[in-house]
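To start, the structure itself, in structure tokens.
None of the values given here were measured: they were computed from a predicted structure. Chain naming here is simple, since letters A, B, ... match the order of the sequence lines and numbering starts at 1 in each.
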Amino acid sequence: MPQRQNTPMTILPQLIQGLADSLSALGLPERDIKLSPPNNPDFGDLSTNVALTLAKETGQNPVQIANDIKDSLALPAGLIEEISVTPPGFLNFRIGSEYYYQVLAHILADSNYGKGTSGKGQKANVEFVSANPTGPLTVGHGRQAVLGDCVARILEWNGYDVTREYYYNDAGRQMRILGQSVEARYFKIKLPEDGYQGNYIKDIAEKVRTEKGNNVASGDPVFRGKAEEIIFQDISDSLKNLNVHHDIFSNERTFYDTGAIDKTVSDLENEGLVYGADGATWFKTTAVGMDQDRVLIKSTGEPTYRLPDIAYHRNKFERKFDFIVDIFGADHSDTYPDVLAALKALDYNTDKVRVLIHQFVTLIRGGEKVKMSTRKGDFVTLAELTEEVGADVVRYFFIMRGMNSHLNFDLDLAADQSEKNPVYYLQYAHARICNIIKHGEAMGLSIDADYDPKLLDNPSEIRLLKKLEQFPTVVENVMQSLEPQTIANYLHDTANRFHKFYSECRVVTDDTKLSNARIALVKATRNVIANGLNILGISAPEKM
RNA sequence: GCCCCGGUAGCUCAGCUGGAUAGAGCAACGGACUUCUAAUCCGUAGGCCACAGGUUCGAAUCCUGUCCGGGGUACCA
């Protein structure tokens, strides 16, 4: 797991250390001390409930404990302005502006402000999208594409060397039926049962006709091959338009060719976890705590998806990744426990694997749910959506909500009211700042001039600074949770405080000293917003 | 039946590793542009955080149960 880390000037560890020392000096039991900003700013900038957690064990009044801690606390001078104790026993700290001025200087000196180092020197793999090339990507896939890319960006932002990977099954039933569907359209005969009905299949069939003529034999691999080629090109284009790319495309067939599939079966067999029954080969999942055994190889001789998945994940381990992230839709949530169980049985450290499951997107159009099915050719494609509202809007829509939420995506709202899309709120803040700086330059201000931070004493200025100070902490938390919406929420708050500041404080004025100080604040804000948007893969426009 | 998610303002959703008065956007209503961008800001209204128990000094947050919705529960992926 990534280690908690802080930039040198961060105040949190100093306070926590001071509190821990204080507990020990008072002869109180040790505690994992948590400090967080209280909801009500009247209480201060940081609060801890440590005294409350000690009350029961020591039998003392929590307010008394808090006061004892307060009295015995030894802290570096100058940073803390006020310590207070409030019922039922909170210990509150008001941090002096001096600290925030130091933070401001730090942000301006470091364009990578907020960057973490917990993944430095380590390799990570993020597998996402991984849709089989049976049809265009739908809006549903878009959520995973954006989530996966943002997770990858978060890892990169924390120092990981990230491989973005796309895995697909090209040896199974789905692709076989795809080929048969194209063939049926080519010969203008009835589609196979469960065949793909979309019009794109007809287009592929006609492409085969154009390139190979009218006499292609039934069963020719060109049908499937052409379909895979054309559909994959379409998928790549859709992702590219969303600003998403993959470094590696892995496919199932490879693992047959290398013998990895057979080896996986025999290795599991050696562990006593494989048996034959009813003509099929079974994985004895019940022996590793699952509630039912699962089929590895069907009686037809064809493996289920499970077997190649296991071989594939072994392959990831063999490629020496320190951190492996799998991103699946909720429809696959039942498959990964078997895969992890197999890996564990084969002695791989599954702590390195993190599986993220996201819930589905329900499309709403005209106030009604849109039913989608790739097989029936009934869907809204990701490409259409991106084309209509733009990559930034699509990305923000998908990332602003938690992956566990069953997202309702109102197509009309996204299209008709895109002017009011919240992503513009963030981008507008950035563009405004750029314009202020440009204006300042035009008015003859030196943008990199020395400034006196003490001139930043308006409440809206301090509030903005306090928000900027939180950025590294937010990044750390997101590195742990891998929930990008936290970044989106943070950026919204930051933009909100900036816009408030903007409405109350004019930056460029005749007062050069004040202007210089405010330019510094504004530049720091730009730095944070730009870095945050970058983590989300959303552009930071200089003008709008 | 069993498993995984969710149920918070009219709508879409944050907040959930327990904290003090539950938030945002949209929708509604009322204000603010001779100023660095009004894609903004300020204000009003809107809530039994599905329901019922439990744990706790303290529960939207944790536990149990019920109800409702999504997904899974294949020799499909």
Between F232(A) and Y166(A), what is the ring plane arrangement, given parallel below 30°, perpendicular above 60°, and tilted in between?
tilted
Using a heavy-atom cut-off of under 4.0 Å over every strand shown, decide if [X] touches base, sugar-phosphate, or nothing.
X       : answer
C505(A) : base
R173(A) : sugar-phosphate
A431(A) : base
T281(A) : nothing
E504(A) : nothing

C1' gap between G25(B) and U66(B), integer Å
33 Å
C49(B) to G10(B) separation - P atoms, rounded to the nearest Å
12 Å
[N]: pairing nucleotide in any strand, Watson-Crick or G-U under 3.5 angstrom:
N      : value
U34(B) : none
G19(B) : C57(B)
C2(B)  : G72(B)
A50(B) : U66(B)

Using only side-chain N and O atoms of [X], determine if any of them is under 4.0 Å from OP1 or OP2 of [N].
X       : N      : answer
N404(A) : C4(B)  : no
N132(A) : A77(B) : no
S405(A) : A14(B) : yes
R432(A) : A38(B) : yes

Around K466(A), counting heavy atoms of other residues, nucleotides and ligands shown, do more than 12 lie under 6.0 Å from its NZ?
yes
Checking C5(B), A20(B), A39(B) against the side chain of Y428(A) (C-beta onward), the nearest is A39(B)
Within 45° of the ring axis of F283(A) and under 6.0 Å from its six-membered ring centre, is that where the NZ or CZ of R306(A) lies?
no
Presence of donor-acceptor pair under 3.5 Å, side chain of H406(A) and base of G7(B):
no
